[in-house]
2 protein chains.
Amino acid sequence: MAFISSLTDHIERYIKALLDQAGQGGLEIRRTELAELFECVPSQINYVLKTRFSSERGYIVESRRGGGGYIRIFRLEPQHPQGICSWIRQTIGESIDMGEAEALLVRLLDHNYLSRKDAVLIRSLLAEETEQLKPAHAGRVRAILLRSMLILLLQGS
Amino acid sequence: MAFISSLTDHIERYIKALLDQAGQGGLEIRRTELAELFECVPSQINYVLKTRFSSERGYIVESRRGGGGYIRIFRLEPQHPQGICSWIRQTIGESIDMGEAEALLVRLLDHNYLSRKDAVLIRSLLAEETEQLKPAHAGRVRAILLRSMLILLLQGS
DNA sequence: TTGACTTTGACCTTATTTGACCAAAGAAAT
DNA sequence: ATTTCTTTGGTCAAATAAGGTCAAAGTCAA
């Protein structure tokens, strides 16, 4: 951890300032332009994106190659207090059984992060999609499914 | 947000706007005229049709050469007797690759079943959760995930 | 002096744009 | 009826324009 600002820190701050201006809808940049602005190699930009704008940190990055290529950066506004989403990611982990999943749903329901209707739907989708899987595999699929559905509901529009 | 747009993107938007106006019945264009309008070579139009108006994305394109030649474009409504969710289940099936998934998302976006933000989130979750899986397995997980997320959004509260 | 973080560069993948050449369908001429 | 333009649209591959990956080399604090 450097005390003085590294190039990476500067680029990070620059992008975050742009995001502040951009508001909703996200921000679009060209990798080469940004690299020229900071007089660095283009792959430096990828490093900044990977280390500072990861989904764990609440960002989504999409990009396209070729003519008309771009990099888009979206900041997920935490509309629910504290880091509920990172807590969910932590709690679910690699694999989760039905009992743990149920307990998690109940907690989210209790705290009104989830509507009753959505909880019912999630239960039935979890059951439907894992019923024919071998238990060990079912746990991993359940984790992926539950994590994605919850994050989608909590962050989506 | 000022979208970066390639020529292809502009032509795509132009055709989609024409289709919106045209309603049922489809739309007829002259390849050469369109090419002149956008000051490009005629084969550019074929490229746009191939990449943006594929049957995977829900379009039908027919054409005829010679004097009085034309290109007709029809947009298909996603339709299933049991409703959009059944249509989605059927379309996704047991396994789906990223290209098919993207086509489905674009199609739902085109028909306003999905918000832009939700589409971005879904894309990112699909990528994140399948990136370390072997391709064959990734396809099945992607199918499960995409199906669940879409149904959750379309049926939920 | 080691370990984590950063910086660089060589090489790779993908999307778009262009142009030369091909094929079909109607129109005109024989 | 058949052949020969003329008018369209189709195909494909090369050139161009992005962005991605990965590992080696460099830095810096503990």
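So that the names make sense, note that chain A is the first sequence line, chain B the second, and so on, each numbered from 1. Given the structure is predicted, the values throughout are model-derived calculations rather than measurements.
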Worksheet entry | Step-by-step side chain to side chain donor-acceptor pair (under 3.5 Å) determination, Ser6(A) to Asp9(A) | CA-CA 5 Å; Ser6(A) 64; Asp9(A) 292 331; 3.3 Å; yes
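The nucleotide whose nearest atom lies closest to any side-chain atom of Ile71(B) is, among dG19(D), dG9(D), dG19(C), dG9(D). Nearest nucleotide to the Leu7(B) side chain, out of dT18(C), dT11(D), dT8(C): dT18(C). Closest to the side chain of Thr32(A), out of dT7(C), dC5(C), dA18(D), is dA18(D).
A donor-acceptor pair is defined here as one N or O able to donate and one able to accept, closer than 3.5 Å; such a pair exists between the side chain of Ser148(B) and the backbone of Ile144(B). One N or O on the side chain of Arg30(B) and one on the backbone of Gly69(B) form a donor-acceptor pair closer than 3.5 Å. Put simply, the side chain of Glu100(A) gets close to the backbone of Asp97(A): a donor and an acceptor are under 3.5 Å apart.
Residue Lys50(B) contributes atom NZ, which lies 9 Å from atom P of dT11(D) at whole-angstrom precision. The nearest whole Å value for the distance from the OH atom in Tyr47(A) to the P atom in dA25(D) is 18 Å. Atom CD in Glu131(B) sits about 14 Å away from atom C1' in dG20(D), given to the nearest Å. Atom CD of Glu39(A) is separated from atom P of dT7(C) by 14 Å (rounded to the nearest Å). At whole-Å resolution of the value, CG in Leu34(B) and C1' in dG10(D) are 16 Å apart. Whole-Å rounding puts the Ile73(B) CD1 to dG9(D) P distance at 12 Å. In this entry the distance linking CG of Leu49(B) with P of dT17(C) reads 14 Å, nearest Å. One can place OH of Tyr70(B) at 12 Å from C1' of dA24(C), the figure rounded to the nearest angstrom.
Phosphate contact (OP1/OP2 of dG26(C), side-chain N/O of Arg64(B), threshold under 4.0 Å): present. Residue Thr8(A) places none of its side-chain N or O atoms closer than 4.0 Å to OP1 or OP2 of dC5(C). For Arg52(B), a side-chain nitrogen or oxygen approaches OP1 or OP2 of dT16(C) to under 4.0 Å.
As judged by a 4.0 angstrom heavy-atom cut-off over every strand, Ile45(B) is placed among residues making no nucleic acid contact.
With respect to Arg89(B) and Glu128(A), a salt bridge is recorded, a charged nitrogen being found less than 4.0 Å from a carboxylate O. Between Arg123(A) and Glu102(A), at least one side-chain N (NZ, or NE/NH1/NH2) sits under 4.0 Å from a carboxylate O, which counts as a salt bridge.
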Worksheet, complete the sentence: Scoring nucleotides 12-17 of chain D by protein non-hydrogen atoms under 4.0 Å (B base, S sugar-phosphate only, - none) yields -----B
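Taking the ring axis of Phe74(A) as reference, the NZ or CZ atom of Arg72(A) does not stay both within 45° of it and closer than 6.0 Å to the ring centre.
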